[in-house]
Amino acid sequence: MLKNKNMPQRIKPFAPSAYQSGNEKELLLECLESNNWSSFKGATEGWSIKDVGTMTSEEAEHYGPLENRFLGGKFVRKLEGQFASMMGVDYCVSGNSATSCLVMAIGSLNLGPGDEVLVPCMSFNATATAILSYNAIPVFCEVKNDTFCIDPDDAIKKLSERTKAIMVVHLGGNGADMEKVIEIAERNNLFIIEDCAQAPGVKYKNKLLGTLGDVGIFSLTETKNISCGEGGLLITDNKKIAMKSRLIRNHGEGIVEDDWTDEELVNIVGMNYRMTEFQAAVAIPQLNDLHNRNKKRKELTKYLLEGLKGFNEVLIPPEIEHGVDYCCYMLKWKWKPKKDMITRDNLVSEMKKEGIPLSAGYGRMMHENPIFTRSLAYTKGCPFSCQHGKGTLAKYGKGTLPVSENVNKQFIWFKFINPPNTKDDMDDVISAFKKVLRKKPVK
Ligand SMILES: Cc1ncc(COP(=O)(O)O)c(C=O)c1O
(Lines give C-alpha, C1' and ligand atoms only; values in the text may rest on other atoms or scores of the structure.)
Protein backbone atom coordinates (compact mmCIF):
# COMPACT_ATOMS: atom_id res chain seq x y z
CA MET A 1 0.00 0.00 0.00
CA LEU A 2 1.29 3.44 -0.94
CA LYS A 3 1.80 5.48 2.20
CA ASN A 4 1.37 9.21 2.64
CA LYS A 5 4.80 10.42 3.80
CA ASN A 6 3.21 12.29 6.72
CA MET A 7 1.69 9.10 8.06
CA PRO A 8 3.65 7.17 10.67
CA GLN A 9 5.46 4.15 9.31
CA ARG A 10 3.55 1.91 11.64
CA ILE A 11 0.26 2.13 13.48
CA LYS A 12 -0.23 -1.29 15.04
CA PRO A 13 1.71 -2.34 18.13
CA PHE A 14 4.37 -5.04 17.99
CA ALA A 15 3.50 -8.42 19.47
CA PRO A 16 4.72 -8.77 23.07
CA SER A 17 7.29 -11.43 23.85
CA ALA A 18 4.94 -13.61 25.89
CA TYR A 19 3.03 -16.02 23.68
CA GLN A 20 1.93 -19.65 23.94
CA SER A 21 4.22 -22.32 22.64
CA GLY A 22 2.32 -25.59 23.02
CA ASN A 23 0.00 -27.19 25.51
CA GLU A 24 -0.04 -24.43 28.15
CA LYS A 25 -3.86 -24.40 28.29
CA GLU A 26 -4.09 -28.15 28.73
CA LEU A 27 -1.51 -28.20 31.54
CA LEU A 28 -3.05 -25.18 33.24
CA LEU A 29 -6.44 -26.83 33.24
CA GLU A 30 -4.97 -30.08 34.52
CA CYS A 31 -3.34 -28.14 37.34
CA LEU A 32 -6.52 -26.25 38.13
CA GLU A 33 -8.60 -29.39 38.28
CA SER A 34 -6.04 -31.27 40.38
CA ASN A 35 -6.56 -28.78 43.22
CA ASN A 36 -2.81 -28.95 43.86
CA TRP A 37 -1.97 -25.35 43.13
CA SER A 38 1.25 -25.10 45.06
CA SER A 39 1.96 -28.34 46.94
CA PHE A 40 4.94 -26.76 48.69
CA LYS A 41 5.25 -27.09 52.42
CA GLY A 42 8.14 -26.08 54.69
CA ALA A 43 8.37 -29.59 56.08
CA THR A 44 9.96 -32.88 55.08
CA GLU A 45 7.24 -35.16 56.44
CA GLY A 46 9.69 -37.36 58.32
CA TRP A 47 12.36 -37.66 55.62
CA SER A 48 15.88 -36.48 56.45
CA ILE A 49 16.32 -32.92 55.20
CA LYS A 50 19.81 -33.70 53.92
CA ASP A 51 18.46 -36.59 51.83
CA VAL A 52 15.61 -34.56 50.44
CA GLY A 53 17.57 -31.32 50.05
CA THR A 54 20.33 -32.94 48.02
CA MET A 55 18.14 -35.11 45.80
CA THR A 56 18.95 -34.23 42.17
CA SER A 57 16.24 -32.58 40.13
CA GLU A 58 15.98 -35.69 37.96
CA GLU A 59 15.45 -37.87 41.04
CA ALA A 60 12.88 -35.43 42.40
CA GLU A 61 11.04 -35.42 39.07
CA HIS A 62 10.95 -39.16 38.49
CA TYR A 63 11.41 -40.91 41.79
CA GLY A 64 11.04 -38.44 44.65
CA PRO A 65 7.89 -39.14 46.67
CA LEU A 66 5.32 -36.48 45.84
CA GLU A 67 3.94 -36.63 49.40
CA ASN A 68 7.22 -35.06 50.40
CA ARG A 69 6.14 -31.53 49.76
CA PHE A 70 9.42 -29.81 50.58
CA LEU A 71 10.39 -30.03 46.91
CA GLY A 72 7.03 -28.86 45.59
CA GLY A 73 4.47 -30.54 43.38
CA LYS A 74 4.40 -32.40 40.13
CA PHE A 75 4.67 -29.45 37.73
CA VAL A 76 7.43 -27.68 39.64
CA ARG A 77 9.46 -30.89 39.80
CA LYS A 78 8.89 -31.60 36.14
CA LEU A 79 10.01 -28.10 35.13
CA GLU A 80 13.10 -28.35 37.34
CA GLY A 81 13.94 -31.86 36.11
CA GLN A 82 13.59 -30.85 32.49
CA PHE A 83 15.61 -27.66 32.82
CA ALA A 84 18.40 -29.45 34.72
CA SER A 85 18.58 -32.11 32.04
CA MET A 86 18.50 -29.54 29.23
CA MET A 87 21.36 -27.64 30.86
CA GLY A 88 23.26 -30.82 31.74
CA VAL A 89 23.41 -30.11 35.49
CA ASP A 90 22.28 -31.98 38.58
CA TYR A 91 20.11 -29.30 40.12
CA CYS A 92 17.54 -26.76 39.12
CA VAL A 93 15.78 -24.83 41.89
CA SER A 94 12.86 -22.74 40.68
CA GLY A 95 11.64 -19.58 42.36
CA ASN A 96 8.95 -16.97 41.93
CA SER A 97 11.37 -14.66 40.06
CA ALA A 98 14.96 -14.47 38.94
CA THR A 99 15.39 -11.88 41.67
CA SER A 100 14.47 -14.51 44.29
CA CYS A 101 16.85 -16.97 42.63
CA LEU A 102 19.68 -14.40 42.70
CA VAL A 103 19.00 -13.92 46.42
CA MET A 104 19.08 -17.71 46.92
CA ALA A 105 22.38 -17.85 45.04
CA ILE A 106 24.04 -15.21 47.21
CA GLY A 107 22.65 -16.79 50.38
CA SER A 108 23.65 -20.30 49.44
CA LEU A 109 27.25 -19.23 48.78
CA ASN A 110 27.36 -18.05 52.40
CA LEU A 111 28.13 -14.49 51.36
CA GLY A 112 27.44 -11.81 53.94
CA PRO A 113 28.60 -8.68 55.74
CA GLY A 114 32.05 -7.54 54.69
CA ASP A 115 32.12 -9.70 51.57
CA GLU A 116 32.49 -7.95 48.25
CA VAL A 117 31.03 -9.14 44.98
CA LEU A 118 32.30 -7.81 41.66
CA VAL A 119 29.41 -7.02 39.35
CA PRO A 120 29.01 -5.03 36.11
CA CYS A 121 27.29 -1.68 36.60
CA MET A 122 25.12 -2.26 33.55
CA SER A 123 22.18 -4.51 34.36
CA PHE A 124 18.75 -4.59 35.89
CA ASN A 125 18.83 -3.47 39.54
CA ALA A 126 18.11 -6.95 40.96
CA THR A 127 21.59 -8.09 39.94
CA ALA A 128 23.06 -5.83 42.60
CA THR A 129 20.29 -5.70 45.16
CA ALA A 130 20.40 -9.49 45.57
CA ILE A 131 23.96 -9.01 46.85
CA LEU A 132 22.80 -6.32 49.27
CA SER A 133 20.03 -8.55 50.57
CA TYR A 134 22.63 -10.47 52.59
CA ASN A 135 24.48 -7.31 53.53
CA ALA A 136 27.31 -8.12 51.15
CA ILE A 137 28.70 -5.26 49.06
CA PRO A 138 28.38 -4.90 45.30
CA VAL A 139 31.56 -3.51 43.77
CA PHE A 140 30.65 -2.20 40.35
CA CYS A 141 32.86 -2.79 37.34
CA GLU A 142 32.97 -1.31 33.88
CA VAL A 143 31.45 -3.14 30.94
CA LYS A 144 33.36 -3.50 27.71
CA ASN A 145 32.64 -0.67 25.33
CA ASP A 146 31.58 -3.05 22.55
CA THR A 147 30.02 -6.20 24.15
CA PHE A 148 28.38 -4.42 27.13
CA CYS A 149 29.36 -7.29 29.45
CA ILE A 150 31.77 -7.09 32.38
CA ASP A 151 35.27 -5.89 31.54
CA PRO A 152 37.59 -8.46 33.17
CA ASP A 153 40.50 -6.00 33.22
CA ASP A 154 38.46 -3.57 35.29
CA ALA A 155 37.30 -6.42 37.52
CA ILE A 156 40.97 -7.18 38.28
CA LYS A 157 41.51 -3.55 39.33
CA LYS A 158 38.57 -3.77 41.74
CA LEU A 159 39.73 -6.91 43.55
CA SER A 160 40.33 -6.54 47.26
CA GLU A 161 41.06 -8.88 50.12
CA ARG A 162 37.31 -8.93 50.74
CA THR A 163 36.31 -10.03 47.24
CA LYS A 164 34.50 -13.35 47.43
CA ALA A 165 32.60 -13.63 44.17
CA ILE A 166 32.18 -12.30 40.68
CA MET A 167 28.71 -12.00 39.24
CA VAL A 168 28.59 -11.73 35.46
CA VAL A 169 25.59 -10.59 33.46
CA HIS A 170 25.17 -11.98 29.97
CA LEU A 171 23.53 -8.80 28.77
CA GLY A 172 21.06 -8.68 25.92
CA GLY A 173 21.79 -12.27 24.84
CA ASN A 174 25.51 -11.64 24.44
CA GLY A 175 27.96 -13.44 26.73
CA ALA A 176 30.68 -12.20 29.04
CA ASP A 177 34.30 -13.12 28.38
CA MET A 178 34.05 -16.25 30.51
CA GLU A 179 37.57 -17.49 29.79
CA LYS A 180 39.02 -14.42 31.50
CA VAL A 181 36.37 -14.42 34.22
CA ILE A 182 37.13 -18.04 35.09
CA GLU A 183 40.86 -17.29 35.14
CA ILE A 184 40.31 -14.38 37.56
CA ALA A 185 38.04 -16.50 39.74
CA GLU A 186 40.46 -19.42 39.89
CA ARG A 187 43.43 -17.21 40.65
CA ASN A 188 41.61 -15.38 43.44
CA ASN A 189 39.45 -18.15 44.81
CA LEU A 190 36.17 -16.49 43.89
CA PHE A 191 32.73 -17.95 43.28
CA ILE A 192 31.19 -17.25 39.89
CA ILE A 193 27.50 -16.39 39.60
CA GLU A 194 26.08 -16.06 36.10
CA ASP A 195 23.03 -13.86 35.65
CA CYS A 196 21.55 -15.36 32.47
CA ALA A 197 18.15 -13.64 32.74
CA GLN A 198 18.69 -12.23 29.24
CA ALA A 199 20.49 -15.21 27.72
CA PRO A 200 18.64 -18.52 28.19
CA GLY A 201 19.91 -21.27 25.92
CA VAL A 202 22.88 -19.20 24.70
CA LYS A 203 26.21 -20.98 24.31
CA TYR A 204 29.75 -19.86 25.00
CA LYS A 205 32.32 -22.00 23.17
CA ASN A 206 29.75 -24.78 22.98
CA LYS A 207 28.92 -24.73 26.66
CA LEU A 208 25.61 -23.35 27.84
CA LEU A 209 25.78 -20.06 29.71
CA GLY A 210 24.81 -20.64 33.30
CA THR A 211 26.88 -23.82 33.52
CA LEU A 212 30.31 -22.20 33.49
CA GLY A 213 30.31 -20.88 37.03
CA ASP A 214 29.10 -22.14 40.40
CA VAL A 215 25.53 -21.09 39.88
CA GLY A 216 23.41 -19.72 37.01
CA ILE A 217 20.13 -17.79 37.14
CA PHE A 218 17.36 -17.44 34.56
CA SER A 219 14.20 -15.34 34.44
CA LEU A 220 10.71 -16.30 33.34
CA THR A 221 9.21 -12.85 33.70
CA GLU A 222 6.87 -11.71 30.96
CA THR A 223 9.41 -9.93 28.78
CA LYS A 224 11.93 -12.75 28.62
CA ASN A 225 12.57 -15.32 25.85
CA ILE A 226 10.36 -17.83 27.66
CA SER A 227 7.90 -16.91 30.37
CA CYS A 228 5.22 -17.94 32.81
CA GLY A 229 4.32 -14.40 33.90
CA GLU A 230 6.83 -14.31 36.74
CA GLY A 231 9.37 -16.94 37.69
CA GLY A 232 13.03 -17.84 37.93
CA LEU A 233 15.34 -20.84 37.70
CA LEU A 234 18.64 -21.42 39.50
CA ILE A 235 20.99 -24.14 38.25
CA THR A 236 24.05 -25.71 39.84
CA ASP A 237 26.03 -28.92 40.11
CA ASN A 238 26.84 -28.24 43.73
CA LYS A 239 24.65 -30.05 46.22
CA LYS A 240 25.37 -27.62 49.06
CA ILE A 241 24.21 -24.70 46.92
CA ALA A 242 21.13 -26.66 45.85
CA MET A 243 20.17 -27.65 49.37
CA LYS A 244 20.68 -24.20 50.84
CA SER A 245 18.77 -22.59 47.98
CA ARG A 246 15.89 -24.98 48.56
CA LEU A 247 15.92 -24.09 52.26
CA ILE A 248 16.02 -20.34 51.63
CA ARG A 249 13.17 -20.74 49.15
CA ASN A 250 10.95 -22.49 51.61
CA HIS A 251 11.05 -21.35 55.25
CA GLY A 252 14.12 -23.49 55.86
CA GLU A 253 14.94 -22.37 59.40
CA GLY A 254 12.07 -24.45 60.76
CA ILE A 255 13.39 -27.74 59.50
CA VAL A 256 17.16 -27.58 59.91
CA GLU A 257 18.47 -30.03 62.46
CA ASP A 258 19.93 -29.07 65.83
CA ASP A 259 23.34 -30.62 65.18
CA TRP A 260 24.10 -28.65 61.99
CA THR A 261 27.37 -26.73 61.91
CA ASP A 262 27.44 -22.93 61.84
CA GLU A 263 28.56 -23.05 58.22
CA GLU A 264 25.56 -25.17 57.33
CA LEU A 265 23.18 -22.87 59.17
CA VAL A 266 24.49 -19.53 57.92
CA ASN A 267 22.01 -17.58 55.77
CA ILE A 268 19.16 -20.01 56.27
CA VAL A 269 16.63 -17.37 57.07
CA GLY A 270 13.92 -18.96 55.02
CA MET A 271 11.61 -16.94 52.81
CA ASN A 272 8.76 -17.89 50.55
CA TYR A 273 10.23 -17.80 47.06
CA ARG A 274 8.24 -20.77 45.81
CA MET A 275 6.93 -21.04 42.29
CA THR A 276 3.28 -22.07 42.04
CA GLU A 277 2.16 -25.15 40.12
CA PHE A 278 0.30 -22.84 37.70
CA GLN A 279 3.51 -21.02 36.82
CA ALA A 280 5.36 -24.27 36.30
CA ALA A 281 2.52 -25.65 34.14
CA VAL A 282 2.89 -22.68 31.81
CA ALA A 283 6.69 -22.72 31.89
CA ILE A 284 7.05 -26.38 30.82
CA PRO A 285 5.84 -26.00 27.21
CA GLN A 286 7.74 -22.72 26.95
CA LEU A 287 10.93 -24.45 28.01
CA ASN A 288 10.40 -27.23 25.50
CA ASP A 289 10.16 -24.58 22.79
CA LEU A 290 13.17 -22.50 23.88
CA HIS A 291 15.39 -23.62 21.03
CA ASN A 292 12.78 -22.79 18.41
CA ARG A 293 11.91 -19.44 19.98
CA ASN A 294 15.59 -18.50 20.13
CA LYS A 295 16.08 -19.58 16.52
CA LYS A 296 13.34 -17.19 15.41
CA ARG A 297 14.88 -14.37 17.44
CA LYS A 298 18.20 -15.01 15.73
CA GLU A 299 16.58 -14.89 12.28
CA LEU A 300 14.78 -11.63 13.02
CA THR A 301 17.92 -10.05 14.47
CA LYS A 302 19.96 -11.03 11.43
CA TYR A 303 17.31 -9.66 9.09
CA LEU A 304 17.08 -6.37 10.97
CA LEU A 305 20.84 -5.90 11.13
CA GLU A 306 21.18 -6.71 7.42
CA GLY A 307 18.47 -4.18 6.59
CA LEU A 308 20.26 -1.47 8.55
CA LYS A 309 23.78 -2.28 7.40
CA GLY A 310 23.98 0.99 5.50
CA PHE A 311 23.93 2.87 8.82
CA ASN A 312 26.58 0.77 10.54
CA GLU A 313 28.96 3.65 11.06
CA VAL A 314 26.47 5.49 13.24
CA LEU A 315 24.08 2.77 14.37
CA ILE A 316 26.42 0.28 15.96
CA PRO A 317 25.23 -3.18 17.01
CA PRO A 318 26.91 -5.03 19.89
CA GLU A 319 30.17 -6.79 19.18
CA ILE A 320 29.57 -10.46 19.88
CA GLU A 321 31.99 -11.83 22.45
CA HIS A 322 34.31 -14.39 20.87
CA GLY A 323 32.73 -17.84 20.99
CA VAL A 324 29.21 -16.69 21.87
CA ASP A 325 26.25 -18.03 19.97
CA TYR A 326 24.41 -14.70 20.38
CA CYS A 327 20.65 -14.75 20.72
CA CYS A 328 19.35 -11.22 20.92
CA TYR A 329 17.10 -10.52 23.89
CA MET A 330 16.82 -6.82 23.17
CA LEU A 331 18.79 -5.06 20.48
CA LYS A 332 21.10 -2.58 22.12
CA TRP A 333 22.63 -0.33 19.51
CA LYS A 334 24.99 2.54 20.13
CA TRP A 335 24.05 5.71 18.31
CA LYS A 336 27.20 7.64 17.36
CA PRO A 337 25.96 10.48 15.21
CA LYS A 338 28.24 12.32 12.83
CA LYS A 339 28.27 16.10 12.73
CA ASP A 340 24.86 17.46 11.73
CA MET A 341 23.07 14.24 12.58
CA ILE A 342 20.14 13.92 14.95
CA THR A 343 20.85 13.47 18.69
CA ARG A 344 20.15 10.18 20.45
CA ASP A 345 17.12 11.49 22.34
CA ASN A 346 15.62 13.05 19.23
CA LEU A 347 16.19 9.87 17.27
CA VAL A 348 14.27 7.94 19.93
CA SER A 349 11.37 10.41 19.87
CA GLU A 350 11.27 10.64 16.06
CA MET A 351 11.17 6.85 15.83
CA LYS A 352 8.36 6.78 18.37
CA LYS A 353 6.40 9.16 16.15
CA GLU A 354 6.89 6.61 13.38
CA GLY A 355 5.32 3.95 15.62
CA ILE A 356 8.61 2.26 16.55
CA PRO A 357 9.07 2.10 20.33
CA LEU A 358 12.77 2.64 20.99
CA SER A 359 14.13 3.40 24.42
CA ALA A 360 17.17 5.35 25.46
CA GLY A 361 19.28 3.15 27.72
CA TYR A 362 19.06 2.91 31.49
CA GLY A 363 17.42 5.92 33.16
CA ARG A 364 19.94 5.50 35.96
CA MET A 365 22.67 2.92 36.11
CA MET A 366 22.95 0.76 39.20
CA HIS A 367 25.95 2.56 40.69
CA GLU A 368 24.03 5.85 40.43
CA ASN A 369 21.12 4.71 42.61
CA PRO A 370 20.79 6.69 45.86
CA ILE A 371 20.99 3.58 48.03
CA PHE A 372 24.59 3.33 46.84
CA THR A 373 25.57 6.96 46.44
CA ARG A 374 24.28 7.71 49.95
CA SER A 375 25.55 4.42 51.42
CA LEU A 376 22.17 3.74 52.88
CA ALA A 377 20.86 0.36 51.87
CA TYR A 378 19.80 -0.51 55.39
CA THR A 379 19.46 1.30 58.64
CA LYS A 380 22.64 2.62 60.30
CA GLY A 381 24.43 2.69 56.94
CA CYS A 382 24.59 -1.06 56.56
CA PRO A 383 26.23 -2.74 54.82
CA PHE A 384 28.59 0.03 53.72
CA SER A 385 29.59 1.39 57.08
CA CYS A 386 28.55 -1.32 59.47
CA GLN A 387 31.21 -2.97 61.55
CA HIS A 388 32.04 -5.62 58.95
CA GLY A 389 31.72 -3.41 55.89
CA LYS A 390 34.19 -0.76 57.08
CA GLY A 391 37.08 -0.19 54.80
CA THR A 392 35.44 -1.04 51.50
CA LEU A 393 37.02 0.86 48.66
CA ALA A 394 33.88 0.62 46.56
CA LYS A 395 32.99 3.93 44.95
CA TYR A 396 29.55 4.84 43.70
CA GLY A 397 27.92 7.60 41.72
CA LYS A 398 28.17 9.34 38.36
CA GLY A 399 31.68 9.59 36.98
CA THR A 400 33.01 6.47 38.71
CA LEU A 401 32.47 4.21 35.66
CA PRO A 402 33.04 6.50 32.66
CA VAL A 403 33.23 3.87 29.92
CA SER A 404 29.90 2.32 30.85
CA GLU A 405 28.27 5.69 31.45
CA ASN A 406 29.31 6.78 27.99
CA VAL A 407 27.86 3.61 26.46
CA ASN A 408 24.61 4.25 28.30
CA LYS A 409 24.43 7.77 26.85
CA GLN A 410 24.71 6.31 23.36
CA PHE A 411 22.28 3.44 23.82
CA ILE A 412 19.13 3.02 21.80
CA TRP A 413 17.21 -0.17 22.43
CA PHE A 414 14.66 -2.05 20.42
CA LYS A 415 13.01 -4.94 22.16
CA PHE A 416 10.46 -6.47 19.79
CA ILE A 417 12.90 -8.80 18.14
CA ASN A 418 10.74 -11.58 19.50
CA PRO A 419 8.46 -13.91 17.61
CA PRO A 420 5.58 -13.92 16.78
CA ASN A 421 6.79 -10.66 15.18
CA THR A 422 7.97 -11.39 11.66
CA LYS A 423 10.32 -10.04 9.03
CA ASP A 424 7.44 -7.79 7.85
CA ASP A 425 7.46 -6.17 11.28
CA MET A 426 11.23 -5.72 11.06
CA ASP A 427 10.69 -4.07 7.66
CA ASP A 428 8.72 -1.36 9.43
CA VAL A 429 11.66 -0.74 11.76
CA ILE A 430 14.09 -0.58 8.85
CA SER A 431 11.86 1.77 6.83
CA ALA A 432 11.26 4.02 9.85
CA PHE A 433 15.01 4.35 10.48
CA LYS A 434 15.58 5.17 6.83
CA LYS A 435 12.80 7.75 6.87
CA VAL A 436 13.98 9.44 10.09
CA LEU A 437 17.68 9.38 9.25
CA ARG A 438 17.14 10.81 5.79
CA LYS A 439 15.09 13.71 7.09
CA LYS A 440 16.79 16.99 7.86
CA PRO A 441 18.08 16.62 11.39
CA VAL A 442 16.09 17.86 14.36
CA LYS A 443 19.03 18.35 16.68
C1 LIG B 1 19.83 -9.13 33.83
C2 LIG B 1 18.64 -9.33 34.70
N3 LIG B 1 18.81 -9.84 35.94
C4 LIG B 1 17.77 -10.07 36.75
C5 LIG B 1 16.48 -9.78 36.37
C6 LIG B 1 15.36 -10.01 37.33
O7 LIG B 1 14.44 -10.92 36.80
P8 LIG B 1 13.00 -11.10 37.46
O9 LIG B 1 12.16 -10.00 36.91
O10 LIG B 1 12.54 -12.44 36.98
O11 LIG B 1 13.13 -11.03 38.91
C12 LIG B 1 16.26 -9.26 35.09
C13 LIG B 1 14.89 -8.97 34.63
O14 LIG B 1 14.21 -8.24 34.37
C15 LIG B 1 17.35 -9.02 34.23
O16 LIG B 1 17.18 -8.52 33.01
Side-chain angles (χ1 to χ4, degrees), residues 97-144 148-171 176 181 184-185 188 190-198 213-217 219 234 267 362-405 407-408:
S97 65
T99 305
S100 311
C101 290
L102 284 165
V103 172
M104 295 192 274
I106 298 292
S108 65
L109 291 170
N110 284 3
L111 299 172
D115 295 335
E116 294 186 346
V117 180
L118 302 173
V119 61
C121 61
M122 190 173 278
S123 182
F124 179 65
N125 292 320
T127 308
T129 50
I131 300 166
L132 278 183
S133 71
Y134 282 93
N135 266 304
I137 297 180
V139 176
F140 292 111
C141 304
E142 294 275 25
V143 293
K144 283 164 58 173
F148 319 142
C149 294
I150 194 165
D151 177 354
D153 294 333
D154 194 53
I156 292 171
K157 288 187 207 150
K158 309 256 160 88
L159 282 164
S160 81
E161 62 199 16
R162 295 165 184 262
T163 313
K164 294 282 164 45
I166 179 163
M167 166 123 72
V168 296
V169 180
H170 301 303
L171 201 76
V181 167
I184 296 169
N188 297 283
L190 309 180
F191 295 116
I192 301 177
I193 305 153
E194 294 181 76
D195 180 341
C196 311
Q198 301 188 4
D214 296 279
V215 53
I217 308 297
S219 172
L234 173 156
N267 286 354
Y362 291 99
R364 200 164 55 201
M365 295 173 76
M366 293 191 298
H367 66 286
E368 298 169 351
N369 283 334
I371 55 167
F372 295 112
T373 56
R374 292 166 61 189
S375 298
L376 260 182
Y378 296 104
T379 184
K380 303 196 172 88
C382 282
F384 307 103
S385 56
C386 71
Q387 190 193 351
H388 299 282
K390 250 182 202 151
T392 179
L393 294 175
K395 288 202 177 74
Y396 303 108
K398 260 197 177 62
T400 54
L401 293 149
V403 176
S404 313
E405 289 168 29
V407 169
N408 195 42

Novice: State, yes or no, whether a side-chain contact exists between Leu159 and Leu118 at a heavy-atom distance under 4.5 Å.
Specialist: yes

Novice: Could you check whether any side-chain heavy atom of Thr163 comes within less than 4.5 Å of a side-chain heavy atom of Ser160, counting everything from C-beta outward?
Specialist: yes

Novice: Taking the side chain as C-beta and beyond, is there a heavy-atom pair between Leu102 and Asp195 under 4.5 Å?
Specialist: yes

Novice: Hey, are the side chains of Asp115 and Arg162 touching, using non-hydrogen atoms and a 4.5 Å cut-off?
Specialist: no

Novice: Heavy-atom distance under 4.5 Å between the side chains of Ile193 and Ile106, does that happen here?
Specialist: yes

Novice: Does any non-hydrogen side-chain atom of Met167 lie less than 4.5 Å from one of Ile131?
Specialist: yes

Novice: Are Tyr396 and Phe384 near enough that their ring centres are under 6.0 Å apart?
Specialist: yes

Novice: When you compare the side chain of Leu111 with that of Val117, does any pair of heavy atoms fall below 4.5 Å?
Specialist: yes

Novice: Short question: side chain of Glu194, backbone of Gly213 - any donor-acceptor pair under 3.5 Å?
Specialist: yes

Novice: May I ask you to test the Met122-Cys149 pair for a side-chain heavy-atom distance under 4.5 Å?
Specialist: no

Novice: Output yes when Asp154 and Lys158 qualify as a salt bridge under the 4.0 Å nitrogen-oxygen rule, no when they do not.
Specialist: yes

Novice: Would Gln198 and His170 count as having a side-chain donor-acceptor pair, cut-off 3.5 Å?
Specialist: no

